[in-house]
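Lettering of chains follows the sequences in order, A, B, ..., and the numbering in each one begins at 1. Values reported hereafter were calculated over all heavy atoms of this structure, with side chains retained and with hydrogens, waters and symmetry mates removed.
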Number of protein chains: 2
Amino acid sequence: MTRTETLSESLEDYLETIFLLIREKAVARSRDIAERLKVSRPSVTGALQALAERALVNYEPYGHVTLTPAGEVEAKRVVRRHGVLKDFMVKVLSIGEAEADATACRMEHAVSKNVVDRLVEFAEFVETCPRAGAKWVHGFGYRCQEAAADPSQQSCERCIEQCLTDVKKRKQKGNKTIASATLKDLKPGERGQIERLLGGGPVKRRIADMGVIKGSLVEVVRVAPLGDPIDIKIKGYHLSLRKEEAAGIAVSRLPEK
Amino acid sequence: MTRTETLSESLEDYLETIFLLIREKAVARSRDIAERLKVSRPSVTGALQALAERALVNYEPYGHVTLTPAGEVEAKRVVRRHGVLKDFMVKVLSIGEAEADATACRMEHAVSKNVVDRLVEFAEFVETCPRAGAKWVHGFGYRCQEAAADPSQQSCERCIEQCLTDVKKRKQKGNKTIASATLKDLKPGERGQIERLLGGGPVKRRIADMGVIKGSLVEVVRVAPLGDPIDIKIKGYHLSLRKEEAAGIAVSRLPEK
DNA sequence: TAAGTATGTTAGGCAAGTCTAATAAATACT
DNA sequence: AGTATTTATTAGACTTGCCTAACATACTTA
Ligand SMILES: [Mn+2]
Ligand SMILES: [Mn+2]
Ligand SMILES: [Mn+2]
Ligand SMILES: [Mn+2]
């Protein structure tokens with residue numbers, strides 16, 4: 001009877017993998033866990049027993065593995081950390097998908113919620129602040145790929161000019177430009193900024209608890225065929241909303257990329 | 001005879017600690033290593049034996065511990081990763097010193113040189129690009145500390161105005177404003193941007209190998225009493241230069257903070 | 001329904017990393 | 001110099017996490 005208060009990196013990975021397998025394939029088989037984690041099947045059995053002892057999975061020999069509520073909470077935490085770190089590396093630092101993914105899966109065990117939250121904040125700030133903005137970030141990525149070429153004194157001048165004209169344009173068009181919409185209207189891949197949360201149901205609370213405020217970024221990940229469960233990503237959290245719930249979230253569309 | 005090609009997180013930490021102790025106190029005693037790493041003394045002995053087997057430290061029972069050249073290289077790598085991650089968290093993300101330090105020491109084992117380099121690039125870009133700049137970063141930190149207060153629509157306007165006036169000023173004053181100096185002229189704590197590397201000695205090569213280009217940030221960390229060994233930080237690397245060498249590096253001063 | 005195959009578990013072993021208790025060496029103090 | 005104290009090492013044990021080989025169960029299919 002060992003009472004290890006904190007979860008080891010290894011067990012966090014098992015939890016993460018189980019969660020993702022269940023999400024993707026409806027069921028997490030020992031075989032698949034082993035394959036994903038590049039580990040032998042007996043190792044998986046061992047891990048499942050350890051997780052069961054900690055009441056994070058429901059497990060009995062030869063039976064189906066499911067996550068307990070506590071296990072799901074823990075798994076989601078890991079998944080979020082992984083996602084946030086990966087996104088930051090890919091979108092802000094211009095690291096390649098594969099490397100970002102692998103690195104994120106190692107870093108995810110080291111960062112606190114605090115740091116992750118701040119990272120999300122910063123990435124959003126960088127992507128949406130008119131003084132920086134998507135183009136600016138993209139410029140950094142470009143600069144990186146071009147490496148040492150062009151110490152950017154020249155292009156820096158051009159960059160500022162561009163920024164000035166952009167801001168002027170924005171001012172001329174004024175605030176009314178923002179075609180107001182609700183989350184329900186966005187298509188997969190589209191992103192928007194929260195304008196406000198209509199209606200005060202449990203969704204509002206759930207979302208507010210995540211640190212979402214006016215101006216927060218939200219991205220529609222997937223919309224089910226009938227438009228009902230809408231998967232969104234917000235503050236690094238993955239969320240599944242019903243159509244009516246999504247209709248209660250006013251957003252302003254954001255340009256792609 | 002075990003040949004583990006890659007160093008474990010644990011051994012990296014021992015190496016890091018030994019390196020820092022030697023730098024600070026001239027000698028790394030088993031007792032101090034144990035204390036810093038919060039580990040028992042026998043554990044240290046074990047680690048030293050493991051490191052000695054890998055030819056990373058010079059070790060014999062009851063003797064002084066020193067790093068072999070290979071060990072020093074490895075240790076410096078770890079120290080740099082730690083420093084870069086910590087700096088990013090403190091300066092860009094506005095995470096507190098203590099938490100940043102602890103987190104950096106866990107993340108340092110997970111990030112590749114590639115990611116660290118990119119992180120340095122990005123932090124420099126963010127701090128020096130006129131469209132972002134130190135004030136802008138600071139604004140983000142401030143926003144974070146103020147938390148949910150002020151979704152920044154208001155202050156965003158003000159921020160842009162400020163940026164515009166700043167850029168205008170910069171233009172009026174023109175390029176001649178940049179009081180050219182050399183690294184030798186900077187005081188501890190001051191930062192500058194590399195203008196060019198005068199003279200083509202080995203220093204130039206050493207520095208160029210680190211990815212330093214025109215525009216790279218450099219910070220003077222410490223200057224010895226007689227002004228001779230000058231400690232600088234550049235691209236996350238720690239470097240010690242002689243006075244003459246520092247005099248060969250043309251920089252433009254950067255405003256504090 | 002009776003193989004035959006795929007999947008999962010047990011048994012046994014090993015390496016890394018940590019600990020405590022006991023011992024040895026080095027250093028500091030009369 | 002001789003004892004006390006500090007510092008370092010050895011011995012032995014334990015935990016975690018991984019492995020291979022052998023066995024058990026579940027699913028497939030003839
Ligand atoms: Mn992981
Ligand atoms: Mn992961
Ligand atoms: Mn560390
Ligand atoms: Mn460290």
Side-chain angles (χ1 to χ4, degrees), chain A residues 1-18 21-22 25-67 74 78 105-106 108-110, chain B residues 1-18 21-22 25-67 74 78 105-106 108-110:
Chain A
M1 196 149 295
T2 334
R3 185 110 321 155
T4 312
E5 213 41 74
T6 108
L7 224 41
S8 70
E9 303 196 357
S10 173
L11 290 187
E12 281 189 344
D13 277 340
Y14 282 104
L15 228 38
E16 180 192 28
T17 304
I18 292 166
L21 279 172
I22 288 177
K25 306 189 163 187
V27 54
R29 293 188 315 164
S30 185
R31 174 78 227 293
D32 297 329
I33 301 172
E35 194 172 344
R36 289 230 182 160
L37 289 177
K38 303 221 189 305
V39 122
S40 74
R41 276 163 294 163
S43 298
V44 175
T45 303
L48 290 177
Q49 288 165 349
L51 290 171
E53 216 166 84
R54 270 155 254 237
L56 295 171
V57 300
N58 304 113
Y59 166 77
E60 47 190 329
Y62 300 102
H64 274 176
V65 182
T66 55
L67 293 168
E74 210 53 57
V78 180
C105 209
R106 296 194 57 200
E108 75 197 2
H109 313 289
Chain B
M1 193 148 297
T2 333
R3 184 110 324 153
T4 312
E5 213 42 72
T6 109
L7 225 40
S8 70
E9 302 197 358
S10 174
L11 291 187
E12 281 189 342
D13 276 340
Y14 281 104
L15 228 37
E16 180 190 29
T17 304
I18 292 166
L21 279 173
I22 288 177
K25 308 190 165 190
V27 55
R29 293 188 314 164
S30 185
R31 173 83 225 297
D32 298 329
I33 300 172
E35 194 172 342
R36 289 231 181 160
L37 290 177
K38 302 219 190 308
V39 121
S40 74
R41 274 164 296 165
S43 298
V44 175
T45 303
L48 290 178
Q49 287 165 350
L51 290 172
E53 215 167 84
R54 269 155 256 235
L56 296 170
V57 301
N58 303 116
Y59 166 78
E60 48 191 328
Y62 301 103
H64 275 177
V65 181
T66 54
L67 292 168
E74 210 53 57
V78 180
C105 209
R106 295 194 58 202
E108 76 197 0
H109 313 288

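- Scored by the side chain to side chain contact (heavy atoms under 4.5 Å, CB included) test, Lys38(B) finds no partners at all (sequence neighbours excluded).
- Atom OG1 of Thr66(A) sits about 6.5 Å away from atom CD1 of Ile22(A), to the nearest 0.5 Å.
- Across all strands, Ser10(B) comes closer than 4.0 Å only to sugar-phosphate atoms, never to a base (heavy-atom distances).
- Contacts of Ser40(B) classified as side chain to side chain contact (heavy atoms under 4.5 Å, CB included), with partners at least two apart in sequence or in another chain: Pro42(B), Ser43(B).
- Here the P atom of nucleotide dT18(C) and the CD atom of Glu35(B) are 17 Å apart, to the nearest Å.
- Contacts of Arg106(B) classified as side-chain hydrogen bond (donor to acceptor under 3.5 Å, both in side chains), with partners at least two apart in sequence or in another chain: none.
- Side-chain N/O atoms of Ser40(B) include none lying less than 4.0 angstrom from OP1 or OP2 on dT18(C).
- Gln49(B) comes within contact range of the sugar-phosphate backbone alone, with a heavy-atom separation under 4.0 Å but no base atom that close.
- Every residue two or more places apart in sequence or in another chain that forms a side-chain hydrogen bond (donor to acceptor under 3.5 Å, both in side chains) with Glu12(A) is listed here: Arg81(A), His109(A).
- Contact check for Leu37(B) versus Val44(B): no side-chain heavy atoms found under the 4.5 Å cut-off.
- Rounding to whole angstrom units, CD of residue Glu60(A) and P of dT25(D) are separated by 14 Å.
- For Ile33(B) and dT9(D), the CD1 to P distance is 9 Å, given to the nearest whole Å.
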- [ ] Quick one, give me the B/S/- string for nucleotides 2-8 of chain C, reading 5' to 3', where B means a protein heavy atom under 4.0 Å from the base and S means that only happens at the primed atoms, P, OP1 or OP2.
- [x] -----BB
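- Per the geometry, CD belonging to Glu53(A) stands 14 Å off C1' belonging to dG17(D), to the nearest Å.
- Residues passing the salt bridge (Lys or Arg N to Asp or Glu O under 4.0 Å) test with Arg29(B), sequence neighbours excluded: Asp32(B).
- Atom pair His64(A):NE2 and dT9(C):P shows a separation of 11 Å (rounding to whole Å applied).
- Take the nearest nucleotide of DNA chain C for Ala50(B) and for Pro42(B): the residue whose nucleotide is more 5' is Ala50(B).
- Taking atom CG on Leu48(B) and atom P on dA16(C), their separation rounds to 16 Å, with Å as the unit.
- Atom-to-atom, CG of Leu37(A) to P of dC19(D) comes out at 10 Å; the value is rounded to the nearest Å.
- Within 4.0 Å of Val39(B), counting heavy atoms only, lie sugar-phosphate atoms of the nucleic acid but no base atom.
- For dG17(C), the OP1/OP2 oxygens have no side-chain nitrogen or oxygen of Ser43(B) closer than 4.0 Å.
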